[in-house]
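Here's the structure we're looking at; comments come further down.
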Amino acid sequence: MPHLFDPFTLKSITLRNRVGVSPMCQYSSDDGVANDWHLVHLGSRALGGAGLVIAEATAVAPEGRITPGDAGIWADKHVEPLARINRFIKEHGAVAGIQIAHAGRKASAAVPWAGGAHLANDAGGWTTVAPSAVPFGGDQNKVPHALSVDEIKGVQANFVAAAKRSLAAGYEWLELHSAHGYLSHEFLSPLSNQRTDSYGGSFDNRIRFILETTRAVRKVWPENLPFTVRISCTDWAEGGWDIDQSVELARRLKTEGIDLVDCSSGGAVPHAKIPVGPDFQVPFAERIRREADIATAAVGMITEPKQADAIIRSGQADLVLLAREELRDPYWPAHAAKALGHAAAVQPPKQYARAW
Ligand SMILES: Cc1cc2nc3c(=O)[nH]c(=O)nc-3n(C[C@H](O)[C@H](O)[C@H](O)COP(=O)(O)O)c2cc1C
């Protein structure tokens, strides 16, 4: 079995190690456009030694932003600022990935440091869309517009256009966001999808949105580049989406050309009871990897070098993704390599060599 600092090859892309930076919204864009914040944020993490740096949930349509500050890729003007960042990431040995996303009924919210509640349409917000006219709840109580079938096709076309722009921006790793209670997950979960047409009801109908979107994106995303999906493996709520359904979905996604499943959880409903703790989502990555025979990424409360290394060595996942720990320490991969006796695996930028 490989270890954390062995390279990982997926399609034509080889990551220098198995540590990835998990996508993290920065809520720092103006009309979706990336800026110096994103260059420094993502660039620092490439310097720190991660093999893969995945850019935050990047909206495929303006109404698909969680907040007015979200990153976007719905217009050509978004491409060059992202390309600048990606050139920097690549120059420093990491692979640049992007998560393309639509926030569905959880869109139109204030940025977290302004409380995160839904914004009224006359206070900087907009009308949200979802599979069904069912609000999320709590302080995100806007009733979404239930998408018509034509409108569903329109959103899928937005994902396709976003994938093309991602390629133009130099990304070499594409992730569809189908987790955390955002639009694609809203189709999967019976708690948010109450449709009675071919997009709701049975398992086959609830997975139709993501399967069709995957199929359409696959046609424009090069066969030789990794194509991945993040799912919430369970809603942690009675009557919701669960790990058995996730395993079956992963099998179907594999036949549509998905190369890796990024295994997160939760986000569908505010009342979920989530047993957060070290490795709490790792068993999902392990089960999907084993039962759907597809590569997986493990994420969530992975903070210690030995812990991350054990996940790879035991074959629970092919890749570990770190979010908050990478915010605390962008040099986590370099520090972990030293701690695990693989110091040479993470080379410093030449400018920093005397301090390494
Ligand atoms: C500031 C912040 C922003 C996040 N934004 C996203 C996002 O854009 N897309 C996503 O799928 N998850 C997002 N997440 C979730 C993380 O990617 C990750 O799954 C989660 O934080 C658990 O990993 P951790 O314990 O290493 O932080 C975000 C988390 C944080 C802390």
Side-chain angles (χ1 to χ4, degrees), residues 23-27 29 31-32 54-75 78 82 97-109 111 116 118-119 125-136 140 142-166 171 174-189 191-193 195 199-200 206-218 220-221 227-232 241 249 253 258 262 264 266-268:
M24 279 181 279
C25 287
Q26 299 297 295
Y27 316 104
S29 300
D31 203 29
I54 309 178
E56 67 195 85
T58 303
V60 301
E63 64 278 9
R65 289 173 295 172
I66 304 168
T67 79
D70 282 26
I73 192 152
W74 65 82
H78 295 123
L82 294 171
I98 183 170
Q99 183 186 57
I100 56 174
H102 191 301
R105 68 179 181 173
K106 293 171 94 174
S108 182
V111 295
H118 265 159
L119 296 168
W126 56 87
T127 301
T128 57
V129 301
S132 305
V134 181
F136 176 69
Q140 299 211 333
K142 276 189 146 175
V143 180
H145 162 71
L147 291 165
S148 68
V149 171
D150 277 354
E151 289 166 339
I152 289 173
K153 305 286 176 204
V155 174
Q156 292 172 326
N158 294 153
F159 271 95
V160 171
K164 284 188 192 162
R165 290 195 186 96
S166 300
Y171 289 105
L174 181 68
E175 175 165 284
L176 301 181
H177 198 349
S178 190
H180 303 169
Y182 299 119
L183 185 68
S184 181
H185 181 189
E186 288 160 17
F187 276 93
L188 297 178
S189 176
L191 302 176
S192 44
N193 184 346
R195 298 178 74 95
Y199 287 92
R206 284 180 284 112
I207 67 170
R208 192 176 306 281
F209 177 84
I210 185 64
L211 288 192
E212 286 180 353
T213 305
T214 300
R215 203 172 296 147
V217 169
R218 181 74 279 176
V220 301
W221 184 251
F227 184 23
T228 77
V229 176
R230 171 169 278 196
I231 60 171
S232 281
W241 181 258
L249 173 63
L253 287 170
I258 288 295
D262 175 1
S264 189

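None of these values were measured; they are calculated from a predicted model.
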With side chain to side chain contact (heavy atoms under 4.5 Å, CB included) as the criterion, how do Ile100 and Ser166 come out once you've worked through the C-alpha distance, each side chain's angles and the decisive distance to 0.1 Å? CA-CA 9 Å; Ile100 56 174; Ser166 300; 3.8 Å; yes

Determine whether Val129 and Glu151 satisfy the following criterion, side chain to side chain contact (heavy atoms under 4.5 Å, CB included), listing intermediate values before the conclusion. CA-CA 10 Å; Val129 301; Glu151 289 166 339; over 6 Å; no

Please lay out, stage by stage, how Asp31 and Trp74 fare under the test side chain to side chain contact (heavy atoms under 4.5 Å, CB included). CA-CA 10 Å; Asp31 203 29; Trp74 65 82; 3.6 Å; yes

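Ser178 contributes atom OG, which lies 8.0 Å from atom CG of Leu253 (distance to the nearest 0.5 angstrom). Thr127 OG1 to His145 NE2: the interatomic distance, rounded to the nearest 0.5 Å, is 9.0 Å. Rounded to the nearest 0.5 Å, atoms CG (Leu176) and CD1 (Ile210) are 5.0 Å apart. To the nearest 0.5 Å, atoms NE2 (His177) and CD (Gln99) are separated by 4.0 Å. Taken from CG in Leu183 to OG1 in Thr128, the straight-line distance is 10.0 Å, to the nearest 0.5 Å. With values rounded to the nearest 0.5 angstrom, Gln156 atom CD is found 11.5 Å from His102 atom NE2.
Side chains of Pro23 and Ile98 form no contact here, defined as non-hydrogen atoms less than 4.5 Å apart. Using a 4.5 Å heavy-atom cutoff, the side chains of Lys153 and Glu212 are in contact. Between Val229 and Leu249, every side-chain heavy-atom pair lies at or beyond the 4.5 Å cut-off. Ile258 has its side chain within reach of Phe227: a pair of non-hydrogen atoms, C-beta onward, lies under 4.5 Å apart. Looking only at side-chain heavy atoms (C-beta outward), Asn193 and Leu188 stay at 4.5 Å or farther from each other. For the pair Arg215 and Leu211, the minimum side-chain heavy-atom distance is below 4.5 Å. Contact check for Pro68 versus Trp126: side-chain heavy atoms found under the 4.5 Å cut-off. Between Arg195 and Ile152, some side-chain heavy-atom pair lies under the 4.5 Å cut-off.
Considering His185, Arg230, His180 as possible partners of Ser264, the one that fulfils the side-chain hydrogen bond (donor to acceptor under 3.5 Å, both in side chains) test is His180. With Phe209 as the fixed residue, the ring pair (Phe, Tyr, Trp, His ring centres under 6.0 Å) test singles out one of Tyr182, Tyr199, Phe187: Phe187.
With hydrogens and angles disregarded, no donor-acceptor distance shorter than 3.5 Å links the side chain of Arg165 to the backbone of Ala162. Listed for the Lys142 side chain is a donor-acceptor partner under 3.5 Å among the backbone atoms of Leu119. Gln140 places a side-chain N or O within 3.5 Å of a backbone atom of Gly116 that can act as its donor or acceptor partner. The backbone N or O of Ala179 lies less than 3.5 Å from no partner atom in the side chain of Ser232, so there is not a single donor-acceptor pair. Formation of a donor-acceptor pair under 3.5 Å by the Glu186 side chain with backbone atoms of Ser192 is not found in this model. Judged by distance alone, the side chain of Arg105 and the main-chain N or O of Ala130 form no donor-acceptor pair under 3.5 Å.
Closest of all the heavy-atom pairs between Leu82 and Gly72 is CD1-O, 4.4 Å. For Cys25 against Ala57, the heavy-atom pair with the smallest separation is SG-CB, 3.9 Å. Shortest non-hydrogen contact noted between Leu174 and Val217 is CD2-CG1, 3.7 Å. The heavy-atom pair separating Ala146 from Ala133 by the smallest distance is CB-N, 3.9 Å. Between Asp262 and Glu175, the shortest heavy-atom contact is OD2-OE1, 2.7 Å. The nearest pair of heavy atoms linking Ala268 to Ser189 is CB-OG, 4.3 Å.
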